[in-house]
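As structure tokens, the structure follows; a few thoughts come after it.
Note that the coordinates shown come from a computational prediction; the quantities given were computed from them, not determined experimentally. Only heavy atoms go into these numbers, but all of them, side chains included; no hydrogens, no water, no symmetry mates. Each chain gets a letter, A, B and so on, in the order its sequence line appears, and its residues count up from 1.
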There are 2 protein chains.
Amino acid sequence: MAQDLPYANNQTDIAPDCCETSFIHEEAVRTVRERMPAPEVTQAVADFFRVMSDPTRMRILCALGQSELCVCDLAALLGMSESAVSHQLRTLRAARVVRTRREGRIVYYALDDHHVRTAYKMGEEHVLEVL
Amino acid sequence: MAQDLPYANNQTDIAPDCCETSFIHEEAVRTVRERMPAPEVTQAVADFFRVMSDPTRMRILCALGQSELCVCDLAALLGMSESAVSHQLRTLRAARVVRTRREGRIVYYALDDHHVRTAYKMGEEHVLEVL
DNA sequence: TGTTCATATGAACAGTTGTTCATATATTGT
DNA sequence: ACAATATATGAACAACTGTTCATATGAACA
């Protein structure tokens, strides 16, 4: 984890106003800090997972993992309003997780990224392992 | 996606009160529906990703991916209160993402699951690919 | 046993998120 | 050009989330 990435060596938030925090393992903390990815990276990764953290979006992704579908297909499949589905698809599109293809007035949605499949697989395996 | 899993064939939320929704691709919707994982599964996977969707927890996971650390190490490393760190670790522990090892009064935290590493890698690659 | 230190927990508040309802855009067929 | 249809968007509200502050455990050393 966290290799070949922009690092955050220049962190300045080390010292609190006083020596309130006790450095139990000063050496370990120092080396870990040097190899931490930059905050922007962890933030971006967290944002990616946030997109995947909604059950409705998860079901949409599962569906699109099998076949490309349009908004009203998904609405019928999931039993929700087309507006709600469209809003979620907007989120997924913004994160480049799904891609669109227009054919007349119908917009087809499909998974855009193999990382999404693998990440889902990891989540699924973890969940089933834990019970 | 969604193979060898408990299916949700017995969904009852198919018909809205009236024929408000137009089934554009009825056949595709039917086959996708049959192969959808049960709602409990997608819910659990979404919950797993929710745990990963916070920047603070993401940084904690990156740190623990390098070395096991105690609460006050993490607090010093991340520049936050030990209470805040402890709360986040509680969330991670509940999701079985980290494991604890006690040594005297110090509790060491470490990653518990290789799925977490892989999932992170997927998120990271996706993020860097998108830019 | 009592005190100290590392960690955990509870309550509460501010900020964020997802849905609904209403309306807007865009494309096809007449 | 106009009406119909598929999708998109805006505003707003309820529900959820993460932090802070205060307090409680629980283990070790005197």
For nucleotides 10-17 of chain C, give me every protein contact, N/O to N/O, under 3.5 Å, one pair per line with atom names.
unit_1: dG10(C); atom_1: O6; unit_2: H87(B); atom_2: NE2; d: 2.9

Measure all distances between protein nitrogen or oxygen atoms and nitrogen or oxygen atoms of nucleotides 24-29 of chain C, and list the pairs falling under 3.5 Å.
none

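Atoms CG (L89(A)) and C1' (dA6(D)) sit 13 Å apart, rounded to a whole Å. Atom CG in D73(B) sits roughly 15 Å away from atom C1' in dC5(C) (whole-Å rounding). Put simply, CG on D47(A) is 15 Å from C1' on dG18(D), counting in whole angstrom units. Distance CE (M80(A)) to P (dT20(C)): 6 Å, rounded to an integer number of Å. Whole-Å rounding puts the L74(B) CG to dA8(C) P distance at 11 Å. To the nearest angstrom, P of dT23(C) lies 18 Å from CD of E82(A).
Between dA8(C) and Y109(B), a contact under 4.0 Å exists linking OP1 or OP2 to a side-chain N or O. When the side-chain nitrogen and oxygen atoms of Y108(B) are compared with OP1 and OP2 of dT7(C), none of them lie within a distance under 4.0 Å. Listed pair S86(B) / dT7(C) fails the phosphate criterion, with no side-chain N or O lying under 4.0 Å from OP1 or OP2.
No side-chain donor-acceptor contact under 3.5 Å links S67(B) to the backbone of A63(B). Between the R101(A) side chain and the Y109(A) main chain, no donor and acceptor come within less than 3.5 Å of each other. At least one donor-acceptor pair closer than 3.5 Å links the side chain of R117(B) to the backbone N or O of G65(B). At least one donor-acceptor pair under 3.5 Å links the side chain of R57(A) to the backbone N or O of R50(A). A donor-acceptor pair is defined here as one N or O able to donate and one able to accept, closer than 3.5 Å; such a pair exists between the side chain of D73(A) and the backbone of H25(B). Judged by distance alone, the side chain of H115(A) and the main-chain N or O of V97(A) form no donor-acceptor pair under 3.5 Å.
Atom CZ of R102(A) is separated from atom OH of Y108(A) by 11.5 Å, given to the nearest 0.5 angstrom.
Remark: DNA chain D forms stems of 3 or more consecutive Watson-Crick or G-U wobble pairs, all pair distances under 3.5 Å, at C:1-30 with D:1-30.
Projected onto DNA chain D by closest heavy-atom contact, R93(A) and S53(B) fall at different nucleotides, the more 5' of which corresponds to R93(A).
The hydrophobic clustering, which links ILVMFWY residues whose side-chain heavy atoms are closer than 4.5 Å, places M122(A) and V98(B) apart.
When distances are taken from the side chain of S81(A) to each of dT7(D), dT20(C), dT7(C), the shortest belongs to dT20(C).
Atom CZ of R99(A) is surrounded by more than 12 heavy atoms from other residues, nucleotides or ligands within 6.0 Å. In R90(B), the CZ atom is not crowded: 12 or fewer heavy atoms of neighbouring residues, nucleotides or ligands sit closer than 6.0 Å.
You'll find the ring centres of F49(A) and H126(B) outside the 6.0 Å limit.
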